[in-house]
Trainee: 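For reference, the structure I am asking about is given below.
Model, not experiment: these values are computed from the prediction. Because only heavy atoms are used, hydrogens play no part in the values below, and waters and symmetry mates are left out as well, while side chains stay in. The sequence lines fix the lettering, A, B, ..., with proteins before strands; numbering per chain opens at 1.
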There are 2 protein chains.
Amino acid sequence: MARLAGVSTATVSRVLSEPGKVRQKTHDLVMEAVRRSGYIPNSTAQKLRTRRTMNVLVVAPRLTNPVFAEILRGVDDELTQSGYGIIIGNLDNRREREARYVDLALSRQVDGVLLLTGYIPEKGARDMRESGLPIVAMCAAIDDDKIPNVVVQDREATRQAVEYLAGLGHRRFGYISGTPTSIIEHERFRGFREGIAAAGFGEDDFVRWEGYFVFSTGVSAAESFLAMKDRPTGIFAACDESAIGFIKRVREARVRVPQDVSVIGFDGIEFSDYTEPALTTFRQPLHELGRAGADVLLKLIQNGMTPDDWNIRLPLTLLERGTTGPVLHKDYKSLRRSSL
Amino acid sequence: MARLAGVSTATVSRVLSEPGKVRQKTHDLVMEAVRRSGYIPNSTAQKLRTRRTMNVLVVAPRLTNPVFAEILRGVDDELTQSGYGIIIGNLDNRREREARYVDLALSRQVDGVLLLTGYIPEKGARDMRESGLPIVAMCAAIDDDKIPNVVVQDREATRQAVEYLAGLGHRRFGYISGTPTSIIEHERFRGFREGIAAAGFGEDDFVRWEGYFVFSTGVSAAESFLAMKDRPTGIFAACDESAIGFIKRVREARVRVPQDVSVIGFDGIEFSDYTEPALTTFRQPLHELGRAGADVLLKLIQNGMTPDDWNIRLPLTLLERGTTGPVLHKDYKSLRRSSL
DNA sequence: TTGAAAGCGCTAACAT
DNA sequence: ATGTTAGCGCTTTCAA
């Protein structure tokens, strides 16, 4: 290459990576040659030599889920700023896909890993930790004191949701679950039961509809709801999608929201602003979460930070909108009158 | 490494990449050592030596857009199957970000590029073609006979949408645009005008509301619509999001859909199944599109295919649902009566 | 301040 | 069928 245009390969390398260590004149000479030849260093050779790939692996359960997509945006912003690239490991909800990404880590194609999965990916008997790479867990706490957790306060927010419903006068509740094996679901359900207890209710005062983090789960839950004689009036859905599916189905059956049933979602996806009425929900600080996670990972890669402030837990925001309201039930006439 | 456990590095390499060329016994010997030492080849060294990265760059305008996310799923399925990884170039709607990905291509960090942008990314005076890498354009045709196009039939579907509305008796139309600089928007608007003409109408028979591919564009269009004295009754939105925003806003103003105004969207995102009523729209074969594009790119990388069947144009499916219906306007009483 | 030379870990050509 | 060796393109001592 431009080595023909003057100097040694070492000097070119210096000009490009440590411009201070070279004489101005040589610098200009080299830059001119670079410009003319259109030279761009081969990054693979750089990686091999320096043993840094400048890439980070992000493993996510499903990319079409707007929650993960939005987190990824935050991650991308932070990483791009520091010159890192993203290799994306999309499991598409199929755990068998994770083996591939374990190999990726083991073969050192990345400098660090961001996990949106809630667990450590495995391949046979080996797991991703063996790579020795820095790993940061997001979206759900991983119980390993070598792995920082950057998460949202799922449990607290869910508890608060129940208390909010209880405060509106509701006394029979419904819980529409997310994917049962997911840690996130586990946390949210735990928060839900805490809220039930805190509001002075017991295990008999709610029904739980099992499902996944998808629209159709809300529809199934609604079918079951509609078939009940003594329906709950305060419904919490573990994600906005199922809240939306639920509402659509019950309204088709002429059940009014929020007059007959209040529904509160979780996530605060953009879509929740555009339902009729707009969905009451907790908004996750997804973009911020993404940035925070990437930031911790970068620190880990660059200087090996210590376990202080490792565990970040971001708060959520309650969006009080149209799908929740006071109970309009015979037992609550008095309460209703006084609260209006 | 396991070289200590028996043979030469070359043999290990052969066992791992061309198992046929080695004796069964040596093979087993090596594999055993590999297993025991947990050896995984350094992929960077492989890349440098073989000059293949086994990675593909996918450049997308915005990842939180469900259309791109879904295409990416298809791309991922196809690429993963062939052992290729994805490096994701998310522009997040900011063109200045594309320079980074031009560098990525120029520095040969990938074997090929998939463009969901509708144009060739540039950096200063250079563009991505200079990398000499195979490039496939998706989502919008790029006019370069070295670049295959794998797209959907935007124009035809939009024309068909207008004809569908006209068939329902509508005679004043509205067009809610996408991002004006986008080629996709251009194609759709072109199809729209073709449809207008084909149905026997002219440039005065429709209004065009400018915007972007987002929910809020539909809301703005609705504001403008509500302020009109002689409102159109047949609305086409260049994406589902703006159709949904439009419908929400006009319904708030007690305009009935589809009795007072029919709305047809474009894309067929999952959300469109859950609006009330469900949105009439054209569904894009996004997953299939992703696979098809990746497939063409892989062929290009592997054997340099010839320009036959380069240009794939997938059809869309009209989903006739609740937001469109026959005109219920004084001028159309007769038509209405006869068609019911 | 610059150049010469070694070597990152692998694969492929050649030799055995 | 296997080993030896050169070298992918760069960065980084070490020497000049």
Trainee: Go through D/dA1, D/dT11, C/dC10 for me and flag the one nearest to the B/R49 side chain.
Mentor: C/dC10
Trainee: Would you call B/D28 and B/R35 a salt bridge, using N to O less than 4.0 angstrom?
Mentor: no
Trainee: Would one find a side-chain N or O of B/S8 under 4.0 angstrom from OP1 or OP2 of D/dT2?
Mentor: no
Trainee: For B/V22 and for B/L48, find the nucleotide of DNA chain D with the closest heavy atom, then tell me which residue's nucleotide is more 5'.
Mentor: B/V22
Trainee: When you get a sec, tell me which of C/dT11, D/dT11, C/dC10 is the closest nucleotide to the side chain of B/T9?
Mentor: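 Selected nucleotide (nearest to the side chain): C/dT11.
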Trainee: Report the residue (B/Q24 or A/P41) whose heavy-atom-nearest nucleotide on DNA chain D is the more 5′ of the two.
Mentor: B/Q24
Trainee: Decide whether A/D103 and A/S107 meet the rule of one side-chain donor and one side-chain acceptor closer than 3.5 Å.
Mentor: no
Trainee: Rounded to whole angstroms, how far apart are CD on B/Q109 and C1' on D/dC8?
Mentor: 16 Å
Trainee: How long is the line joining CD of A/E18 and P of D/dT12, in whole Å?
Mentor: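 Distance check: A/E18 CD to D/dT12 P gives 7 Å.
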Trainee: Just the rounded figure in Å: distance from C1' of C/dA13 to NZ of B/K21.
Mentor: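 Going from NZ in B/K21 over to C1' in C/dA13 covers 11 Å.
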Trainee: I want to confirm an ordering. Mapping B/R14 and B/I40 to their closest nucleotides on DNA chain C, which one lands closer to the 5' end?
Mentor: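 Final value for this comparison: B/I40.
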Trainee: Nearest of C/dT11, D/dT11, C/dT1 to any side-chain atom of B/Q46?
Mentor: C/dT11
Trainee: Write down the distance between CZ (B/R108) and P (D/dC8), rounded to a whole number of angstrom.
Mentor: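 After rounding, the gap between these two atoms is 16 Å.
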Trainee: How many Å lie between NZ on A/K25 and C1' on C/dT2, as a whole number?
Mentor: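 Distance check: A/K25 NZ to C/dT2 C1' gives 14 Å.
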Trainee: Please enumerate all residues that pass salt bridge (charged side-chain N to carboxylate O under 4.0 Å, His left out) together with B/R95, with sequence neighbours excluded.
Mentor: B/E98
Trainee: Salt-bridge test for B/K146 and B/D144: reply yes if a basic N is under 4.0 Å from a carboxylate O, no otherwise.
Mentor: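 So B/K146 does not pair with B/D144 through a salt bridge.
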Trainee: Please identify each residue that fulfils side chain to side chain contact (heavy atoms under 4.5 Å, CB included) with B/T181, with sequence neighbours left out.
Mentor: B/T179
Trainee: If you compare every side-chain N and O of A/R23 against the phosphate oxygens of C/dT2 (OP1, OP2), does one of them come in below 4.0 Å?
Mentor: yes
Trainee: Rounding to a whole Å, what distance do you find between B/N42:CG and D/dC8:C1'?
Mentor: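 B/N42 atom CG is separated from D/dC8 atom C1' by 13 Å.
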Trainee: Looking only at side-chain atoms of B/A10, point me to the closest of D/dC10, C/dA12, D/dT2.
Mentor: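 Closest nucleotide among those given: C/dA12.
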